[in-house]
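Residue numbers start at 1 and run along the sequence shown. Atoms within each ligand, like the ligands themselves, are counted from 1 in listed order. As a basis for the values below, the full set of heavy atoms in this structure was taken, side chains included, without hydrogen atoms, waters or symmetry mates.
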Amino acid sequence: MKILFFGTKSYDKTYLLPCLEEEKYAGIEVKFIEAELTPNTAALAKGYDAVCAFVNMDVGTQTVETLHECGVQLILMRCAGYNNVDLETANKYGIRVAHVPGYSPESVAEHAMALALTANRHLHKAYIKVRENNYSLNGLLGVSFYGRTAGIVGTGRIGAAMARICQGFGMKVIAHDMYPNKSLDFVEYVELKELFERSDLISLHCPLTPETHHMINIDTIGQMKDGVILVNTSRGGLIKTDDLVRGIRENKFFAVGLDVYEEENGSVYEDLSEEIMPHSTVARLLSFPNVVVTSHQGFFTEEAMQAISETTMENAWYFAKGEKGPNELL
Ligand code: NAI
């Protein structure tokens, strides 16, 4: 079996190469390339049985069609989300798609709380001020989370981990999900509108679907408390960015922490520090003192990278031995 890994970074190889040394993967040949999987690069997969792609790549209709023409039979997503994959077209051509459903959900939840704390206590500003010999506290006032209400939207693996972290902070935890998580007996489930109305901290952990697209918009922002803190580590498309910018300008938010945002494709995981930033909503977001943006790094811990590499190779192994693995989507 031959796999072409698209968009390989040095840290991907650090975790994948030791996995490949396992005896059971002896028959699997892997090639790493830096190019991302897009409609323009998909043809590079000619002669490969499988391709491996990541969360920010374009695995839409055109890409899947080219992969089919190249003879590719398996798409390995080395991530949990697969909203960037055209599953219908893959299914039409009999291309199998596997992902890594649950890898260290705590890693993403911890990053969500880190964003909430950083934006709330202005650590991003404090770090720079102290380095410049400025020990004044102006602009650094925060709020205490203890005793306040955390609203978790989506209590699957990551949302449940975030709920437990918020409970540990002494917060009252409320949540919204169509399928309440029975292991969270300390959580009160409410309708989405009530969650927006009651929460001091709102953290988004549901997937991006046609139903959840732009769930945070000018109307739902209007339902929120003044001075709310909003964190998104799920998918950028959950928030209508222009409406968020308007809400921030109208002083609705005490703080906002974003690990994901609508315009992230084309910039996340790349060093663009020497480029002129084009007209961009992200630039506007970055101009606000109470907004912290990170580069889709919620997953990026040693534990998660290890688990992603192991599960990705395991998914390939099932295909190599002619079986359907547990993480296949079709
Ligand atoms: P999961 O599948 O375990 O949980 C998702 C939960 O959302 C489920 O309980 C589901 O019932 C619920 N849900 C679906 N539609 C909903 C709606 N309209 N309203 C409320 N709840 C709804 O997924 P998991 O592993 O917890 O991941 C959540 C999301 O986190 C992923 O979809 C992905 O977009 C994102 N993610 C981000 C990462 C990062 O590095 N920032 C890394 C991994 C995942």
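Ranking protein heavy atoms by distance to atom 4 (O) of ligand 1, first place goes to G156 CA, 3.2 Å. In this structure, atom 28 (C) of ligand 1 lies nearest to the protein heavy atom H205 O, 3.3 Å. Counting protein heavy atoms only, atom 37 (C) of ligand 1 is closest to T233 O, 3.1 Å. Scanning the protein heavy atoms around atom 21 (N) of ligand 1, the nearest turns out to be G154 CA, 3.5 Å. Annotation: atom 12 (C) of ligand 1 to nearest protein heavy atom, D177 OD2, 3.1 Å.
When every heavy atom of M313 is checked against every heavy atom of C19, the shortest pair comes out as CG-CB, 4.2 Å. Of all non-hydrogen atoms in D12 and G7, the two that sit nearest each other are OD2-O, 3.7 Å.
The N/O atoms of F299, backbone and side chain alike, include one that comes under 3.5 Å of an N/O atom in ligand 1. Between I158 and ligand 1, at least one pair of N/O atoms sits closer than 3.5 Å. For R235, a nitrogen or oxygen atom sits less than 3.5 Å from a nitrogen or oxygen atom of ligand 1, counting backbone and side chain alike. Among the atoms of R157, some N or O lies under 3.5 angstrom from an N or O of ligand 1. Considering backbone and side-chain N/O of T212, none are found under 3.5 Å from N/O of ligand 1.
By the 30° and 60° cut-offs, the orientation of the rings of Y82 relative to H99 is perpendicular. Ring orientation note: the planes of H68 and Y93 are close to parallel, at an angle under 30° on the 30°/60° scale.
Using a non-hydrogen distance threshold of 4.0 Å, G81 does not register as a contact of ligand 1. Using a 4.0 Å heavy-atom cutoff, S234 is listed among the residues neighbouring ligand 1. Residue-ligand proximity: L208 is placed with every non-hydrogen atom at 4.0 Å or more from ligand 1.
Close approach of ligand 1 to H176 (heavy-atom distance below 4.0 Å) involves ligand atoms 19 (N), 20 (C), 21 (N). With ligand atoms numbered from 1 in the order given, ligand 1 contributes 7 (O), 13 (N), 16 (C), 21 (N), 22 (C) to contacts under 4.0 Å with heavy atoms of C206. With ligand atoms numbered from 1 in the order given, ligand 1 contributes 42 (C), 43 (C) to contacts under 4.0 Å with heavy atoms of Y103. Those atoms of ligand 1 with a heavy atom of Y179 less than 4.0 angstrom away are 11 (O). The contact set between ligand 1 and H296, taken as ligand atoms under 4.0 Å from a residue heavy atom, comprises 39 (C), 40 (O), 41 (N).
From M178, atom CE reaches atom OG1 of T155 across 9.5 Å, with rounding to the nearest 0.5 Å. Between the CE atom of M1 and the CZ atom of F319 there is a distance of 5.0 Å, given to the nearest 0.5 Å. If you take CG on N232 and CG on D259, they are separated by 8.5 Å, rounding to the nearest 0.5 Å. The line from CZ of R78 to CD1 of I308 is 9.0 Å long, rounded to the nearest 0.5 Å.
Contacts with ligand 1 closer than 4.0 Å are made by side-chain heavy atoms of D259 only, the backbone lying farther away.
Taking the six-membered ring for Trp and the full ring otherwise, the centers of F253 and F288 sit at least 6.0 Å from each other. Less than 6.0 angstrom separates the ring centroid of F299 from the ring centroid of F54.
With M162, H111, E211, M178 as candidates, the residue nearest to atom 16 (C) of ligand 1 on a non-hydrogen basis is M178. Proximity annotation for atom 32 (O) of ligand 1: of G236, A160, P207, P207 comes nearest, heavy atoms only.
S234 places a side-chain N or O within donor-acceptor distance of the main-chain N or O of C206, the cut-off being under 3.5 Å.
Every residue two or more places apart in sequence or in another chain that forms a salt bridge (Lys or Arg N to Asp or Glu O under 4.0 Å) with E328 is listed here: R96.
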Verdict with supporting geometry, N83 and R235, side chain to side chain contact (heavy atoms under 4.5 Å, CB included):
CA-CA 9 Å; N83 52 288; R235 283 292 179 270; 3.0 Å; yes

